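Take a look at the structure below.
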Amino acid sequence: MAGGKARKEKAKAQQHMPYQGGISFHKSKGQHILKNPLLVDSIVQKSGVKPTDVVLEIGPGTGNLTKKLLEVAKKVVAVEIDPRMVLELQRRFQGTPHSNRLTVIQGDVLKTDLPYFDICVANIPYQISSPLTFKLLNHQPVFRAAIIMFQREFAMRLVAQPSDKLYCRLTVNTQLHARVFHLLKVGRNNFRPPPKVDSSVVRIEPRKPRIEVNQKEWEGFLRICFNRKNKTLGSIFRQKSVISLLEKNYRTVRALQLGQVDSLKEADNKIDFASFGDDQGMEMDDDGADDDEMEVEDGEADEVQSEFKDKVLGVLKEGDFEEKRSSKLTLQEFLYLLSLFNKAGIHFS
């Protein structure tokens with residue numbers, strides 16, 4: 001009993017052991033600090049920071065990467081949520097030649113109004129990967145590039161190509177706004193404390209000019225397409241639930257166009273596409289699903305007005321999409337198909 005108690009106390013002490021500057025890191029908060037100086041140098045080098053650049057660093061921790069960025073950039077703006085880390089950063093750089101070129105913002109990066117920056121460099125808690133990515137992609141003015149450390153599987157989804165197993169709605173959504181490149185794989189032992197998974201560093205370059213698309217329309221469209229990404233689009237758009245939603249939306253748009261405002265008060269025109277897929281970045285879609293699964297029987301589809309169903313399927317046939325699958329479509333093909341639906345008066349928002 002005494003030996004068991006001693007082991008428990010030792011393990012408990014190790015969980016809270018100070019790793020750097022007397023600060024203990026919390027895995028539950030995604031705090032994993034890069035300890036490999038060669039890797040830090042490699043990230044800075046691949047970032048392509050210029051002497052005139054303002055760098056936004058997210059999750060600086062105790063400042064290992066911050067120090068290297070200050071050596072090559074005009075200015076570094078570091079956003080850190082942990083007040084202990086903020087104090088450590090201020091202590092570490094106070095009185096150094098770099099102190100007047102470092103600005104530390106304490107706060108949640110997802111709730112913070114970000115200042116101007118040329119390049120973003122980030123080693124982030126993996127649980128904020130998806131919302132942070134899209135916050136950055138919506139940032140104005142447009143920055144040159146973001147070099148971010150992600151959980152490896154999330155990173156590989158960002159860079160996936162059609163027919164890749166990890167190709168998903170997250171992939172297409174991200175690549176609509178940016179070009180994404182895989183820079184290097186990072187083993188878990190390069191961190192203190194080591195996470196449970198490997199990581200990857202990617203480079204995200206916002207598209208200039210942006211691809212113009214109605215974002216709500218695009219989101220609704222992709223949710224349906226990736227409902228079962230390995231099924232044919234003909235099978236997906238034959239489903240009763242899909243036809244019913246699109247027809248309801250079609251009638252709503254027509255009523256708006258005809259000025260029939262009173263009829264809209266009785267209708268619920270807020271179409272909920274949430275049932276068509278998980279909105280999280282690590283969504284699995286239907287990897288490996290049987291293409292015959294959930295096929296809509298003719299008798300079920302007959303309950304939907306055949307005229308509108310024929311209209312929807314006619315769009316797929318016009319673009320030769322009926323036998324194609326979302327898992328194999330390029331970004332350009334998705335954009336073209338959406339334009340065909342809109343041309344036919346079929347909308348997704």
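As the structure is a prediction and not an experimental result, all values here were calculated from the model.
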Do the side chain of [X] and the main chain of [Y] share a donor and acceptor less than 3.5 angstrom apart?
{"X": "S200", "Y": "A155", "result": "no"}
{"X": "N249", "Y": "H347", "result": "yes"}
{"X": "R325", "Y": "S163", "result": "no"}
{"X": "T133", "Y": "S129", "result": "yes"}
{"X": "R203", "Y": "R179", "result": "no"}
{"X": "Q175", "Y": "A160", "result": "yes"}
{"X": "E80", "Y": "D82", "result": "yes"}
{"X": "K135", "Y": "L110", "result": "yes"}
{"X": "N214", "Y": "K216", "result": "yes"}
{"X": "T174", "Y": "L170", "result": "yes"}

Under the criterion side chain to side chain contact (heavy atoms under 4.5 Å, CB included), I'd like the reasoning laid out for M156 against H182: C-alpha separation, chi angles, the key distance, then a yes or no. CA-CA 8 Å; M156 299 315 293; H182 184 268; 3.7 Å; yes
SB check [X] [Y] (cutoff 4.0 Å):
{"X": "K328", "Y": "E333", "value": "no"}
{"X": "D198", "Y": "R188", "value": "yes"}
{"X": "R144", "Y": "D53", "value": "yes"}
{"X": "E88", "Y": "R84", "value": "no"}
{"X": "K311", "Y": "E307", "value": "no"}

When you look at L184 and L39, which way does the side chain to side chain contact (heavy atoms under 4.5 Å, CB included) test go after all the steps? CA-CA 10 Å; L184 67 153; L39 180 59; 3.3 Å; yes
Kindly determine whether I346 and V312 satisfy side chain to side chain contact (heavy atoms under 4.5 Å, CB included), including the steps that lead there. CA-CA 8 Å; I346 300 172; V312 172; 3.8 Å; yes
Does one side chain, of S349 or E217, offer a donor that lies under 3.5 Å from an acceptor on the other? yes
Flag if over 12 foreign heavy atoms under 6.0 Å of [atom1], [X]:
{"X": "D113", "atom1": "CG", "result": "no"}
{"X": "Q45", "atom1": "CD", "result": "no"}
{"X": "K111", "atom1": "NZ", "result": "no"}
{"X": "Q94", "atom1": "CD", "result": "no"}

So if you build clusters from Ile, Leu, Val, Met, Phe, Trp, Tyr with side-chain heavy-atom gaps below 4.5 Å, do [X] and [Y] land together?
{"X": "L65", "Y": "L87", "answer": "no"}
{"X": "V121", "Y": "V142", "answer": "no"}
{"X": "F181", "Y": "V186", "answer": "no"}

Indicate, with yes or no, if the rings of F341 and F237 have centres closer together than 6.0 Å. yes
Aromatic ring centroids of Y126 and F154 under 6.0 Å? no
Atom pair CD (E247) and NZ (K240), whose distance is rounded to the nearest 0.5 Å: 11.5 Å
The reported gap from CG in D164 to OG1 in T171 (rounded to nearest 0.5 angstrom) is 8.5 Å
Would you call the rings of F221 and F334 parallel, tilted or perpendicular, taking 30° and 60° as the class edges? perpendicular
Between Y336 and F321, what is the ring plane arrangement, given parallel below 30°, perpendicular above 60°, and tilted in between? tilted
Yes or no on side chain to side chain contact (heavy atoms under 4.5 Å, CB included) for Y116 and V77, after CA distance, side-chain angles and deciding distance? CA-CA 9 Å; Y116 171 88; V77 179; over 6 Å; no
